[in-house]
Amino acid sequence: MFKIGIAGAGAMGGRIGTYIKQAGYDVTLIDNWEDHVNRINEKGMEIQTETKTYTVEVPAVLTKDVSEPFDLIVILTKSMHSEKMLEQLQNQGSIHEGTAILSMMNGLGHEERLSQYVPMSQIYLAVTMWTAGLRGPGQLLLEGEGSIDLQRADGEKDERTEYILNVLNEAGLNAQISDDVFKSIWSKATVNSVLNPLCTILDKTIYEFGSYSESRDMIVPLIDEIVAVAKAKNINLDRTALLDKIEATYPKETQGLHYPSMHQDFNKGRLTEIDYLNGQIAAYGKEVNVPTPLNEMITHLIHQLEMKIQ
């Protein structure tokens, strides 16, 4: 049977993994949080939605204890942990020549980092618009609907892409094959590179940030830097559409009442993904000779805050 590993079985990994498991596939959740893994194995993954609470029986394993090969590995760790995760799985024989690696992580540059371990032809990139939360070890909070765009990292189409698409859609994850997944990745990264660090630095919800009358003056120059870097890398982003997308998150009835994930990570004493958002944009800017002083400053400010938790 086609074997699937979910590498990084937190909130989003739990949602993706349990949905695929319920579709009848052989799924294993892989994570380094021992309490989480133990509770899933003892009691199943408890899922709370807007209307009901139920349990999905799915095996979970600590990364160090993985000993079986997988045909598909979905990477949903935090960005800074992905390389160590993939290296461990490779060393433990879980990755073979036919293994597809599907990255659903936030941020930029994952295809470059993952290609250190497997050929680009085995790497698939996805942007997910699903949301998920963790109430505690083995306890998910799942609300709303979402979708997934995916594409092989080198842009080629193959039978494996179609197979992955079918797996995701049989699981009800509303997936489609993209003709330009990098544009989707950069669009989502732009939103995250604006709201995540600014709400973290200012200690505000998205609504509180957007309520400031001059918030647009703060974010437009930042968006312009990102659009310029993307253009130099042959990725055409729509500046106005990005601004609209960001401002559409401000109202309380959309995402306004939430703190972005970076704020949540920082306030739980965890390092952030800043180097894979604004930091990666600044790095690309240097490569293509596009100045990115705002992205560089924001990266430094977040690193300054992180000094409190190191």
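Please read all numbers here as calculations on a predicted model, not as lab measurements.
Atom OG1 of T28 and atom CD1 of I30 lie 6.5 Å apart (nearest 0.5 Å). For the atom pair CG (L173) and CD1 (I16), the distance works out to 4.5 Å, reported to the nearest 0.5 Å. Atoms CE and CD, from M297 and Q304 in turn, are 9.5 Å apart once rounded to the nearest 0.5 Å. Here N295 contributes atom CG and L222 contributes atom CG; the two are 5.0 Å apart, rounded to the nearest 0.5 Å. Q264 CD to T272 OG1: the interatomic distance, rounded to the nearest 0.5 Å, is 13.0 Å.
Judged by distance alone, with hydrogens and angles left aside, the side-chain atoms of R160 form a donor-acceptor pair with the main-chain N or O of S121 at under 3.5 Å. Proximity of a side-chain donor or acceptor of H96 to a complementary backbone N or O of P69 within less than 3.5 Å is not detected. A donor-acceptor pair under 3.5 Å is absent between the side-chain atoms of Q122 and the main chain of V118, judged by distance alone. A donor-acceptor pair under 3.5 Å links the side-chain atoms of Q90 to the main chain of Y117, judged by distance alone. Between the E296 side chain and the A282 main chain, no donor and acceptor come within less than 3.5 Å of each other. Listed for the N174 side chain is a donor-acceptor partner under 3.5 Å among the backbone atoms of G146. Listed for the N196 side chain is no donor-acceptor partner under 3.5 Å among the backbone atoms of P260. Of the possible polar contacts, one joining the R15 side chain to the T131 backbone as a donor-acceptor pair under 3.5 Å is found.
At most 12 heavy atoms of other shown residues, nucleotides or ligands fall within 6.0 angstrom of atom CD in E34. Heavy-atom neighbours of E50 CD from other residues, nucleotides or ligands within 6.0 Å: above the threshold of 12. With a 6.0 Å radius and a threshold of 12 heavy atoms from other residues, nucleotides or ligands, E97 has its CD atom at or below the threshold.
We find that K3 and D71 are not joined by a salt bridge, their nearest charged nitrogen and carboxylate oxygen being 4.0 Å or further apart. D26 has no carboxylate O lying under 4.0 Å from a charged side-chain N of K21, or vice versa, which leaves the two without a salt bridge. Under the 4.0 Å criterion applied to side-chain N and carboxylate O atoms, K157 and D179 are assigned as salt-bridge partners. Salt bridge status for E46 with R135: present, with a side-chain N to carboxylate O gap under 4.0 Å.
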Donor-acceptor pairs are to be reported for all side-chain atoms of residues 226-236 against protein atoms at under 3.5 Å, with residues two or more places apart or in another chain.
none

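Across all non-hydrogen atoms, the minimal contact from Q92 to V66 is NE2-O, 3.0 Å. L198 and I219 make their closest contact through CD1-CG2, 4.0 Å (heavy atoms, listed as atom of the first residue, atom of the second, distance). Between I75 and S82, the closest heavy-atom pair is CG2-CB, 4.1 Å. The nearest pair of heavy atoms linking L29 to A9 is CB-CB, 3.7 Å. Summarising the geometry of P197 relative to I298, their closest heavy-atom pair is CB-CG2, 3.4 Å, with the distance given to 0.1 Å. The nearest pair of heavy atoms linking A153 to M120 is CB-SD, 3.6 Å.
In this view, H36 and W33 satisfy the ring-ring contact (aromatic ring centres under 6.0 Å, His included) rule, not counting sequence neighbours. By the salt bridge (Lys or Arg N to Asp or Glu O under 4.0 Å) test, E225 pairs with no residue at all, sequence neighbours left out.
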| request: Would you sort out whether Y124 and D154 count as a side-chain hydrogen bond (donor to acceptor under 3.5 Å, both in side chains), showing the intermediate values? | output: CA-CA 8 Å; Y124 297 78; D154 59 9; over 6 Å; no
| request: Apply side-chain contact (heavy atoms from CB on, under 4.5 Å) to D265 and K78, showing your working. | output: CA-CA 10 Å; D265 284 340; K78 288 293 183 180; 2.7 Å; yes
| Could you walk me through whether H303 and E306 pass the side-chain hydrogen bond (donor to acceptor under 3.5 Å, both in side chains) check? | CA-CA 5 Å; H303 282 319; E306 288 178 328; 2.8 Å; yes
| request: Step by step, work out the side-chain hydrogen bond (donor to acceptor under 3.5 Å, both in side chains) result for N32 and T63. | output: CA-CA 6 Å; N32 290 315; T63 308; 2.8 Å; yes
| message | Would E83 and Q116 count as a side-chain hydrogen bond (donor to acceptor under 3.5 Å, both in side chains) here? Give the steps. | response | CA-CA 9 Å; E83 292 177 72; Q116 300 176 66; 3.2 Å; yes
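A cation-pi contact links K252 to Y207, judged by a cut-off of 6.0 Å to the six-membered ring centre and 45° from its axis.
In this pair, Y163 and Y25 present their aromatic rings perpendicular. The plane angle is above 60°, beyond the 30 to 60° band.
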